[in-house]
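One structure is given here, and the rest of the page talks about it.
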Amino acid sequence: MIIRGPVVSLLAMPEILHVVGARPNFMKMAPVHRALGAHAGVTSRILHTGQHYDRLMSDVFFEDLQLPAPDVSLGVGSGSHAEQTAGIMIGFERHVLAERPDFVVVYGDVNSTVAAALVCAKFGIRLAHVEAGLRSFDRTMPEEINRLVTDALADLLLVTEPSGRRNLEREGVAPAKIVETGNCMIDSLAGLLARMGADGRRPREGRGLVLVTLHRPSNVDDPARLATLASFLEALARDREVLFPVHPRTRKELAASATGDRLAQAVTLVEPLRYRDFVARMLEAALIVTDSGGVQEESAYLGVPCLTLRTTTERPITVDAGTNVLEPNAVGGLLQQARQLIAGHYPPAGQNPVLLRAKWDGKAGVRVAEALVGAA
Ligand code: UD1
């Protein structure tokens, strides 16, 4: 009896390769990697491009997320967008030609994401995109270009919120390729809260610090804009402690201008915090001021108000959830907006109905793993 076909497919061990490179990728990948571990016969390996390489931007996240060290490190480092993207493509192409994974999973919208997507498309290696479909509709953001290109090339598009499906369908993506999985970054956050024994309750109104993160080129690369934002933070610091863990990109810009010295007088400037320390500070915050995508989502889940220093967001669910407000257009409106947000009331961690409807329930990694194994 000839049983060759079925035997071959039974023996086949699909290899799934996760490509990560920058800080926010690690929180999204950890739950998927963990959930794949429960699927017998699936090999799941991690490739780190090295886009982020400082210990505080990379290694400590692997520790806090209880992730194994990467199986492959490309060590590409910094450079212009073209240099960084091309460097990742060259290193990644060598790797996939030698190893030929069955499925590559990319996360979010960073240069590592789009670089790996381009290589996979050229070699016919199937590609899954976790956090597909988000759109700010602002093509001056490098991340928006990375999202558009990656989604155009992906075979499996795993979306975190309803806007993701809407955007993809409008762009002509076949509905069968789209899976609503919930948000893997929230799985990592919920897992960490459980390990910390945190109940996720906000400090009493009137107390609590203001936690700040800023790193978008549109906010930190222009000295005039950076000076305006520094004045806003100084004004906030008259009422309460302002804690600002400074991203390397922002640190460079602050060091190159007088704004850095001025800001250091009023605000507590510290190195980037490791994941568990940042989450602990979010829990103590009366307000978060940020331009990060992930922090908009984490604050929404935690029920901490967030003032986003951008006029667009690719994560409209955080606005619908009631915690996130975008920058007002009027000059001088920032301080008023911040005070209103601090005075507001928000659902406690994990209980926002808008987020629960979108499956932000700590089980997104399991859903992503099932979708991958089903498609592999
Ligand atoms: C990148 C992502 C952004 C994400 C952010 C999270 C892109 C286009 N941007 O922005 O979407 O929100 O990561 O942090 O992929 N640097 C260090 N040490 C490091 C990493 C970077 O000193 O470990 C310096 C580099 O020299 C570079 C600057 O920081 O000059 C920016 O790094 P880069 O990875 O190019 O972009 P980010 O601004 O971090």
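Atoms within each ligand, like the ligands themselves, are counted from 1 in listed order.
- Checked by atom type, the side-chain pair E327/T308 shows no donor-acceptor distance below 3.5 Å.
- One finds the NE2 atom of H48 at 3.0 Å from the OG atom of S58 (value rounded to the nearest 0.5 Å).
- Contact annotation for S292 and ligand 1: no heavy atom of the residue comes within less than 4.0 Å of the ligand.
- A chain of hydrophobic side-chain contacts below 4.5 Å, direct or via other Ile, Leu, Val, Met, Phe, Trp or Tyr residues, connects L118 to I145.
- Atoms of ligand 1 found under 4.0 Å from any heavy atom of Q84 (numbered from 1 in listed order, with element): 34 (O), 35 (O).
- Residue H215 holds the heavy atom nearest to atom 10 (O) of ligand 1 of all those in H215, K252, E253.
- For atom 25 (C) of ligand 1, the candidate residues are S58, G21, S78, G108; the nearest heavy-atom contact is made by S78.
- Counting heavy atoms under 4.0 Å from ligand 1, residue M57 touches it through the side chain alone.
- Put simply, the side chain of E297 never gets that close to the backbone of G293: no donor and acceptor are under 3.5 Å apart.
- Closest to atom 38 (O) of ligand 1, if we only count protein heavy atoms, is R249 NH1, 3.1 Å.
- A salt bridge is defined here as a Lys NZ or Arg NE, NH1 or NH2 lying under 4.0 Å from an Asp or Glu carboxylate O, and D361 with R367 meets this definition.
- What sits closest to atom 8 (C) of ligand 1 on the protein, heavy atoms only, is N111 OD1, 3.3 Å.
- Of the listed residues (H52, E83, R23), the one carrying the non-hydrogen atom nearest atom 13 (O) of ligand 1 is H52.
- Contact check for F278 versus T213: side-chain heavy atoms found under the 4.5 Å cut-off.
- Considering only non-hydrogen protein atoms, atom 37 (P) of ligand 1 sits nearest to H247 CE1, 3.7 Å.
- With values rounded to the nearest 0.5 angstrom, D261 atom CG is found 9.5 Å from L254 atom CG.
- Side chain to side chain, R310 and S136 fail the donor-acceptor criterion of an N or O pair below 3.5 Å.
- Scanning the protein for heavy atoms near atom 2 (C) of ligand 1, the closest one is V110 CG1, 3.7 Å.
- With respect to atom 17 (C) of ligand 1, the closest heavy atom belonging to the protein is Y53 OH, 3.2 Å.
- A salt bridge links D221 and R249; the closest N-O separation between the charged side-chain nitrogens and carboxylate oxygens is under 4.0 Å.
- Ligand 1 lies within reach of H81, whose nearest heavy atom is under 4.0 Å from it.
- Ranking protein heavy atoms by distance to atom 22 (O) of ligand 1, first place goes to P248 CB, 3.2 Å.
- Nearest non-hydrogen protein atom to atom 18 (N) of ligand 1 is D54 OD2, 3.0 Å.
- Taking every non-hydrogen atom of D109 and a distance limit under 4.0 Å, the qualifying atoms of ligand 1 come out as 11 (O).
- Looking at heavy atoms from C-beta onward, L309 lies out of side-chain contact with T290 at the 4.5 angstrom threshold.
- With a 4.0 Å heavy-atom cut-off, ligand 1 is reached by the side chain of E143 but not by its N, CA, C or O.
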